Amino acid sequence: MNIEKTFIKDLVVVEPIVFGDERGYFFESYSKTKFSDLGIEIEFVQDNQSFSKKGTLRGLHYQNPPFAQTKLVRVLEGEIIDVAVDLRKDSPTYGKAFSVLLSAENKKQLLVPQGFAHGFSVISETASVMYKCDQFYNKASEGGIKFDDPSLSIDWGMDLENAIVSEKDKILPFIENCNSLF
């Protein structure tokens, strides 16, 4: 596996080594040993999967401590623009957003550490997204930031006027008013 560092400390793109031949391909999407060799010590406890149609925008979500989650996000089918926002108040990149194209074709993954809000938009006809978490879901600790917060300047790769967004996500606060405890 190869790790591509981003401009935000601890936020990395993981690119697996893919072995392909006339039958198709094989790759390890996660190996505790290989992650450990790369200096990433995470104990994942839950896998989540979603299916969405084109124009869907999910996020930006997080869980506050002590239930904060690290996520390892990948796409099984289709393509998304995956976004992470640094919520760590003592970080020099607090309030900065990072985005990356994740697809079934490029097989890249985004490792989103605790202390970040996360979301994605679907830019293919459909997309199946899977992510590993190092903490279980805890409703009482969940929080979020509105996807169209102007201070974040996120390019979701779609017309936001026509985005398919949950009612819950439509009423999330901007970052300046979110209840983040990071």
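Just so it is clear, the structure is predicted and the values come from calculations on it, not from any experiment. Along the sequence shown, residues carry numbers from 1.
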Path from [X] to [Y] over hydrophobic side-chain contacts below 4.5 Å:
X	Y	result
L11	I40	no
I80	V83	no
L111	V13	no

Closest heavy-atom pair and its distance - [X], [Y]:
X	Y	result
L60	G119	CD2-N, 3.7 Å
C178	G144	CB-O, 3.8 Å
F7	A97	CZ-O, 3.5 Å
N106	L101	ND2-O, 3.0 Å
D169	G59	OD2-N, 3.1 Å
V14	I3	CG2-CD1, 3.7 Å

What I want to find out is whether D10 reaches R88 closely enough, with some N-O distance under 4.0 Å, to be called a salt bridge.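 Salt bridge: yes.
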What I want to find out is whether K146 reaches D148 closely enough, with some N-O distance under 4.0 Å, to be called a salt bridge.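 Salt bridge between K146 and D148, a charged N being under 4.0 Å from a carboxylate O: yes.
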Give a yes or no on whether the backbone of [Y] and the side-chain of [X] come within a donor-acceptor separation of less than 3.5 Å.
X	Y	result
D134	I42	no
W156	A163	no
Q109	S29	yes
N179	G143	no
D149	I175	yes

Intermediate values then yes/no, side-chain contact (heavy atoms from CB on, under 4.5 Å), F116 and F98: CA-CA 10 Å; F116 286 75; F98 173 83; over 6 Å; no
From [X] atom [atom1] to [Y] atom [atom2], the distance as rounded to the nearest 0.5 Å:
X	Y	atom1	atom2	value
Q63	L181	CD	CG	12.0 Å
H61	Q69	NE2	CD	11.5 Å
I164	K53	CD1	NZ	4.5 Å
K139	F67	NZ	CZ	14.0 Å
M158	L57	CE	CG	5.5 Å
L110	F120	CG	CZ	12.0 Å

Does a side chain donor of either [X] or [Y] reach within less than 3.5 Å of an acceptor in the other side chain?
X	Y	result
Y137	E142	yes
T33	S31	no
Q46	N48	yes

Hey, is NZ on K89 packed in by over 12 heavy atoms from elsewhere, all under 6.0 Å? yes
Answer yes or no: are there more than 12 heavy-atom neighbours, outside K107 itself, under 6.0 Å from its atom NZ? yes
What ring-ring contact (aromatic ring centres under 6.0 Å, His included) pairs are there with at least one residue in residues 34-57, not counting sequence neighbours?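 The answer is Y30-F35, Y30-F44.
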Which atom pairs, donor and acceptor, lie under 3.5 Å between side-chain atoms of residues 71-79 and protein residues at least two apart or in another chain?
residue: E77; atom: OE1; partner: T126; partner atom: OG1; Å: 3.2
residue: E77; atom: OE2; partner: T126; partner atom: OG1; Å: 2.6

How would you list, by chain and number, every residue that makes a ring pair (Phe, Tyr, Trp, His ring centres under 6.0 Å) with Y25, sequence neighbours excluded? F27
